[in-house]
Amino acid sequence: DVKVTQSSRYLVKRTGEKVFLECVQDMDHENMFWYRQDPGLGLRLIYFSYDVKMKEKGDIPEGYSVSREKKERFSLILESASTNQTSMYLCASSWGQIQETQYFGPGTRLLVL
Amino acid sequence: RKEVEQDPGPFNVPEGATVAFNCTYSNSASQSFFWYRQDCRKEPKLLMSVYSSGNEDGRFTAQLNRASQYISLLIRDSKLSDSATYLCVVKWSGGFKTIFGAGTRLFVKA
């Protein structure tokens with residue numbers, strides 16, 4: 001079974017803090033993704049990566065950055081957390097081409113006060 | 001207009017009922033289509049891919065209508081365990097662009 005893990009299930013941070021969310025997958029997948037999920041808006045892609053050290057902006061990259069130094073690990077960084085970044089953050093990974101299934105981690109529910 | 005639109009529901013149906021969800025997409029270059037299921041406070045998981053000729057997996061049937069740009073999911077003989085949010089997912093050709101619908105909530109009651 002594919003396993004995607006995320007560093008925290010719940011996180012509470014203060015406005016202006018730097019926040020790191022980590023994601024690890026154990027299936028040697030090339031592609032990794034970070035989404036946020038908000039009620040009524042569905043999942044929105046923040047960034048994705050199709051190879052080590054490669055990254056592409058998704059639909060809502062502002063206020064976020066990412067790092068992929070190793071194939072199995074994809075980190076999402078909130079440089080200076082703001083209250084509008086309170087959300088559920090979901091990491092996913094997939095193998096190969098666009099028709100391949102994405103496997104999701106359990107999510108991190110982030111509250112920014 | 002959203003790129004992928006779903007009726008948010010909720011759909012409240014009794015056990016044993018048949019229920020259908022539709023999803024419309026705006027980009028005619030869309031290439032791949034999926035239904036994911038998301039249980040409350042859990043991550044989305046693939047339910048089934050949607051093929052041009054339509055496909056069935058047990059009680060679940062998925063259809064694609066490219067001319068009208070919509071996909072559908074039919075659930076027959078609903079079970080309590082089918083209660084979840086169903087996400088329509090569309091992928092565009094030529095890249096990694098994946099669009100998730102906001103989801104349709106289903107409640108199956110005894």
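Every chain is numbered from 1, with letters handed out A, B, ... down the list of sequences.
- With a 4.5 Å cut-off on non-hydrogen atoms, Tyr36(B) touches chain A through its side chain but not through its backbone.
- Heavy atoms from other residues, nucleotides or ligands lying under 6.0 Å from CZ of Arg44(A) number more than 12.
- In this structure, Thr98(B) OG1 and Leu43(A) CG are separated by 10.5 Å, a value rounded to the nearest 0.5 Å.
- If you chain together hydrophobic residues whose side chains sit under 4.5 Å apart, Leu106(B) and Ile71(B) fall into the same group.
- Around NZ of Lys71(A), the count of heavy atoms belonging to other residues, nucleotides or ligands within 6.0 Å exceeds 12.
- Heavy atoms of Pro8(B) lying under 4.5 Å from chain A are absent altogether.
- Nearest heavy atom pair, residue Gly40(A) against residue Ala102(B), reads O-CB, 3.6 Å.
- Linking Ile, Leu, Val, Met, Phe, Trp and Tyr residues whenever their side-chain heavy atoms come within less than 4.5 Å leaves Leu41(A) and Met88(A) in two separate clusters.
- Using a 4.5 Å cut-off between heavy atoms, Glu56(A) makes no contact with chain B at all.
- Open room surrounds NZ on Lys57(A); 12 or fewer heavy atoms of other groups in view lie less than 6.0 Å from it.
- Residue pairs meeting the side-chain hydrogen bond (donor to acceptor under 3.5 Å, both in side chains) criterion with at least one partner in residues 3-13 of chain B, sequence neighbours excluded, are Gln6(B)-Thr104(B).
- Contacts between residues 106-113 of chain A and chain B, defined by a heavy-atom separation under 4.5 Å, are made by Pro106(A), Arg109(A).
- Cluster annotation: Leu73(B) is connected to Val13(B) through the hydrophobic network of ILVMFWY side chains, with a link wherever side-chain heavy atoms come within less than 4.5 Å.
- When heavy atoms are compared at a cutoff of 4.5 Å, Leu90(A) approaches chain B solely by way of its side chain, counted from C-beta outward.
- Applying the salt bridge (charged side-chain N to carboxylate O under 4.0 Å, His left out) rule to pairs touching residues 79-94 of chain A yields Lys18(A)-Glu79(A), sequence neighbours excluded.
- Contacts of residues 56-64 of chain B with chain A at a heavy-atom distance below 4.5 Å are absent; not one residue qualifies.
- The part of Asp59(A) that comes within reach of chain B is its side chain, from C-beta onward, which places non-hydrogen atoms under 4.5 angstrom from that chain.
- Taking the side chain as every heavy atom from C-beta outward, Gln102(A) and Lys91(B) approach each other to under 4.5 Å.
- Taking OG1 from Thr85(B) and CD from Gln37(A), the interatomic distance works out to 8.5 Å, rounded to the nearest 0.5 Å.
- Summarising the geometry, atom OH belonging to Tyr35(A) is positioned 4.0 Å from atom CZ belonging to Phe100(B); distances are rounded to the nearest 0.5 Å.
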